[in-house]
Amino acid sequence: MPAPLLIIETGKPLPTLNRYGGFAHWIRVAAGLCRQQTVVVDVTAGQPLPAVSAIAGVVISGSAAYVTDRADWSETTAAWLRQAVAAGLPVLGI
């Protein structure tokens with residue numbers, strides 16, 4: 001089985017849109033992938049990011065947070081993303 005796509009959740013949809021699922025679900029459906037082909041990490045909840053070598057690519061959800069807030073989860077994710085890009089991993093930020 002090929003390495004999964006990592007979906008990094010950095011926020012939640014507006015409450016009025018929750019009936020359509022979370023961002024990870026939206027991304028999975030839009031990409032035509034099943035759950036087994038993805039790994040979802042909610043960095044705002046403190047979930048750890050996997051080793052860069054363990055995934056095929058990354059999609060980062062949108063967020064209402066500001067990068068200038070320098071939240072711990074945001075700084076940790078930014079450092080991990082620098083490693084991912086340096087390793088040549090495909091990355092898409094929404």
Side-chain angles (χ1 to χ4, degrees):
M1 178 177 216
L5 175 73
L6 173 64
I7 301 172
I8 300 176
E9 286 188 309
T10 61
K12 305 286 183 215
L14 295 171
T16 55
L17 298 175
N18 278 339
R19 67 177 176 251
Y20 301 112
F23 288 143
H25 174 74
W26 299 2
I27 293 166
R28 226 182 356 259
V29 168
L33 299 170
C34 64
R35 284 186 193 268
Q36 294 80 8
Q37 294 173 297
T38 63
V39 171
V40 179
V41 174
D42 182 349
V43 291
T44 65
Q47 295 178 345
L49 290 158
V52 170
S53 60
I55 55 174
V58 181
V59 177
I60 309 159
S61 77
S63 174
Y66 293 99
V67 70
T68 54
D69 290 342
R70 298 189 164 281
D72 288 342
W73 66 264
S74 180
E75 295 297 301
T76 301
T77 303
W80 186 92
L81 285 168
R82 283 191 289 278
Q83 293 175 1
V85 169
L89 197 65
V91 176
L92 172 66
I94 299 175

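The structure displayed is predicted, hence computed values, not measured ones.
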(message) Same cluster or not: V58 versus V39, using hydrophobic residues (I, L, V, M, F, W, Y) connected whenever any side-chain heavy atoms lie under 4.5 Å apart?
(response)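 As far as the 4.5 Å side-chain criterion goes, V39 and V58 are connected within one cluster.
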(message) Is there a continuous path of hydrophobic side-chain contacts, each under 4.5 Å between heavy atoms, that joins V43 to V91?
(response)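 V43 and V91: one cluster.
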If we only count heavy atoms from C-beta on, is the [X] to [Y] side-chain gap below 4.5 Å?
| X | Y | value |
| --- | --- | --- |
| V40 | E9 | yes |
| I94 | I60 | no |
| P4 | T38 | no |
| T77 | V41 | no |

Rounded distance (nearest 0.5 Å) linking atom [atom1] of [X] with atom [atom2] of [Y]:
| X | Y | atom1 | atom2 | answer |
| --- | --- | --- | --- | --- |
| L92 | L5 | CG | CG | 9.0 Å |
| R28 | Q37 | CZ | CD | 10.5 Å |
| L89 | W80 | CG | CH2 | 6.0 Å |
| L81 | S74 | CG | OG | 9.5 Å |
| I27 | I8 | CD1 | CD1 | 10.0 Å |

Closest non-hydrogen atom pair, [X] against [Y]:
| X | Y | result |
| --- | --- | --- |
| D42 | K12 | OD2-NZ, 2.9 Å |
| W73 | A65 | CZ2-CB, 3.7 Å |
| A87 | V52 | CB-CG1, 3.9 Å |
| A56 | P90 | O-CD, 3.4 Å |

(request) Give a yes or no on whether D72 atom CG has more than 12 heavy-atom contacts from other residues, nucleotides or ligands under 6.0 Å away. (result)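 Atom CG in D72 is not packed in, count stays at 12 or less.
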(request) Could I get the full list of side chain to side chain donor-acceptor pair (under 3.5 Å) partners for S61, not counting sequence neighbours? (result)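 T10.
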